[in-house]
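Below: one structure, written as structure tokens.
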Amino acid sequence: MPASPSGHGTSRTRSWWGWGYVDSHPDDAECVAMGALLPGALARPLPIPRVADLAIARPGVTPPSSLAHLVTTDPEVRAAHAMGKAYRDIIRALRGRPGRVPDLVAHPTDDREVADLLDWAGGQGVAVIPFGGGSSVVGGVEYRGDTHRAVLSLDLTSMDRVLEIDTVSRSARIQAGALGPVLEEQVRPHGLTLRHFPQSFEFSTLGGWLATRAGGHYATGRTHIDDFVQSLRVVTPAGSSTSLRLPASGAGPSPDRLFLGSEGALGVITEAWMRLQERPRHKASASVAFADFAGALEAVRVIAQSDLSPANCRLLDPGEAMLSGASRDGASVLVLGFESATGRVDDRLASALELARAHGGRAGAPTANADTAPAEGDVPGDAAVSAWRSAFLRMPYLRDGLARMGAVVDTFETAATWDRIPALIDAVRTEVGSAALKATGHPATVNCRLTHVYPDGAAPYFTVAVAGRPGEEVRVWDDIKAVASDVLHRHRATITHHHAVGRDHRPGYDLQRPEPFALALRAAKDALDPRHILNPGVLID
């Protein structure tokens, strides 16, 4: 059946240089208050950057009249498409050094227009950077180099419709430019949800999730976007590819797997059939405090290896728990949540709490509700749960505020098998902390939380904060990032669990992937993008 238009819109202004909405950014007074907690921070925040102050060159190329209506050269639009939202990007904008600003920004409305833009760009030697919500934190949506005549940012957000909904098979055909809220608004009237809620949910698109193999809010079960894909449609310079829509298949290597995680280097994902679910009506949650972090890790492992499948199973170390307000007594905190569309989940929560107590946990009072439909990603609970969720959503804005105070504040994540997790976390805390001290002369805070857990391993997520050296913040960040990547490689942990490779993780990705696979990937690049115009420098050269 055809889906109705969403009509989604907002009058709030997106920041061109920082995370999210302008009206949610910390003001100068809040920035100063945060800086006071970080020894060595600036006395006053760096000013909000203005597009008018940037040295934006005139476009190096002019599109043909047949495509001109799709393209803009507006400086503010071009600046907003120059970078993603990594710390590295934020500080470059604050320092007035955004890098190569795209010459043009295009907003195609269908596959034919995408193909026409790729054909023109290939003939003109123009690099094409596919762009969704622009929330990349790994340098995935910018051009770094000088081998192309010009740069075109291909913004897909005008392709944001749910084109078809199959309520019998519980799936939908969705255009890749749909932002998270736009997508959910269109499937909600059918009582369905994609149930994929990354932290960037408001500011990222379905195509971006697919191209980066994004992970969602939920800690177990189907949380990676891969798990929801029935089929993909991709436009490449060599032609269009549409895979057969199936619940499963054993027919050779999967064509969808070629493009999932390809980050726009092999083609432009324009639509997908996605598996949907009934919206949950029953939810229950609780927090568990642990005096011993090692005991907390064991509790999480046992819960992950049970058949309980919590929707939320986030372990915060003492520093992370204190930062989020989930604990103030030096305890680690485990946030547990369960949900279901068909039956109450109180018994599953009670079983998980029993396992946690067996490993030294002190559980708070459970909170449960039924027959409700809270906001996306929300698992209601006690004060610690509520404090963690509020901090989770606010954290990217606070990071930008600390960046204005000259701080180096960033996150990185990984995944490893359970037997390696304790030593990995200890090594990151020690070696990254030492690297930050060496690079800045100031002590660093290195916190950890587990964001996703599996029967065979977990995904630790680290936050690093240290006062930087004025004007040298990017160099300091690069030094710290190099040490972190080396630690992950030595401990046989992945360079990224859900943030993608982009350009920032390329050195680690090159070490992680087997050489025969790299050979095949280069051959695929040559075949599908023979002029090498698609997102140059991402994944492969």
Side-chain angles (χ1 to χ4, degrees), residues 1-12 14 20-21 107-114 130-135 154-212 214-218 222-235 242-243 245 247 256 259-260 268-281 283 311 339 341 372-378 393:
M1 61 181 294
S4 59
S6 74
H8 179 87
T10 177
S11 59
R12 300 176 71 187
R14 285 279 303 273
Y21 295 114
H107 291 86
T109 61
D110 59 31
D111 284 20
R112 180 69 265 164
E113 291 174 351
V114 172
F131 194 99
S135 62
L154 189 68
D155 188 316
L156 296 179
T157 52
S158 292
M159 300 172 64
D160 66 350
R161 320 312 304 156
V162 174
L163 300 172
E164 228 178 315
I165 294 181
D166 176 357
T167 55
V168 175
S169 305
R170 235 171 41 183
S171 52
R173 182 164 66 99
I174 308 168
Q175 289 184 306
L179 292 160
V182 175
L183 187 162
E184 286 293 330
E185 186 175 294
Q186 293 177 79
V187 301
R188 184 180 292 111
H190 302 274
L192 299 172
T193 175
L194 181 60
R195 194 185 179 270
H196 184 77
F197 304 117
Q199 189 177 36
S200 61
F201 173 74
E202 286 183 278
F203 312 114
S204 54
T205 62
L206 172 63
W209 302 340
L210 296 166
T212 61
H217 169 84
Y218 296 95
R222 288 185 291 178
T223 186
H224 276 273
I225 197 66
D226 311 34
D227 303 323
F228 300 97
V229 176
Q230 278 187 333
S231 72
L232 296 180
R233 179 164 175 79
V234 186
V235 177
T242 304
S243 60
R245 177 188 170 210
D256 294 334
F259 296 106
L260 285 169
V268 181
I269 299 171
T270 58
E271 65 179 59
W273 272 99
M274 304 297 295
R275 299 181 178 96
L276 304 179
Q277 301 175 64
E278 291 183 48
R279 297 179 64 79
R281 297 186 301 114
K283 299 190 177 188
E339 66 175 38
T372 62
E376 280 75 21
D378 185 23
L393 296 174

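Basis for what follows: all heavy atoms, side chains included, without hydrogens, waters or symmetry-related copies. None of these values were measured; they are calculated from a predicted model.
Side-chain contact between M274 and I225: present, with at least one pair of heavy atoms (C-beta onward) separated by less than 4.5 Å. In this structure, the side chains of L210 and V229 come closer than 4.5 Å at one or more pairs of heavy atoms. At a threshold of 4.5 Å between non-hydrogen side-chain atoms, the residues R173 and Q230 do not count as touching.
Here the straight-line distance linking atom CH2 of W209 with atom CG of L260 works out to 14.0 Å at 0.5 Å rounding. Note: M159 CE to H107 NE2 = 12.5 Å, rounded to the nearest 0.5 Å. The line from CG of D110 to OG1 of T270 is 9.5 Å long, rounded to the nearest 0.5 Å. The CD1 atom of I174 sits 9.0 Å away from the CH2 atom of W273 when rounded to the nearest 0.5 Å. Note that CD of E184 is 9.5 Å distant from CG of L192, once rounded to the nearest 0.5 Å.
For the residue pair S243 and D256, the shortest heavy atom distance occurs at OG-OD1, 2.6 Å. Contact detail for A178 and L183: the closest heavy-atom pair is CB-CB, 4.2 Å. Considering every non-hydrogen atom in both A172 and L276, the closest pair reads CB-CD1, 3.7 Å. Closest non-hydrogen pair, V268 versus P130, comes out as CG2-CG, 4.2 Å. The shortest heavy-atom contact between L179 and G133 is CD2-CA, 4.2 Å. Between L156 and P108, the shortest heavy-atom distance links the atoms CD2-CG, 3.9 Å.
With sequence neighbours excluded, the residues forming a side chain to side chain contact (heavy atoms under 4.5 Å, CB included) with T109 are E113, S158, listed by chain and number.
Residue V162 forms a side-chain contact (heavy atoms from CB on, under 4.5 Å) with just one option from E271, Q186, H190, and that option is Q186.
Using modelled atom types, one side-chain atom of R275 and one backbone atom of D227 make a donor-acceptor pair closer than 3.5 Å. Of the possible polar contacts, none joining the T193 side chain to the R279 backbone as a donor-acceptor pair under 3.5 Å is found. Between the side chain of T223 and the backbone N or O of Y218, at least one donor-acceptor pair lies under 3.5 Å.
The aromatic rings of F228 and H196 stand perpendicular to each other, their planes meeting at an angle above 60°, with 30° marking the opposite boundary.
Listed by first and then second residue, the salt bridge (Lys or Arg N to Asp or Glu O under 4.0 Å) pairs that reach into residues 196-208 come to none, sequence neighbours excluded.
Between R245 and E164 no salt bridge is recorded (no basic side-chain N to carboxylate O distance below 4.0 Å).
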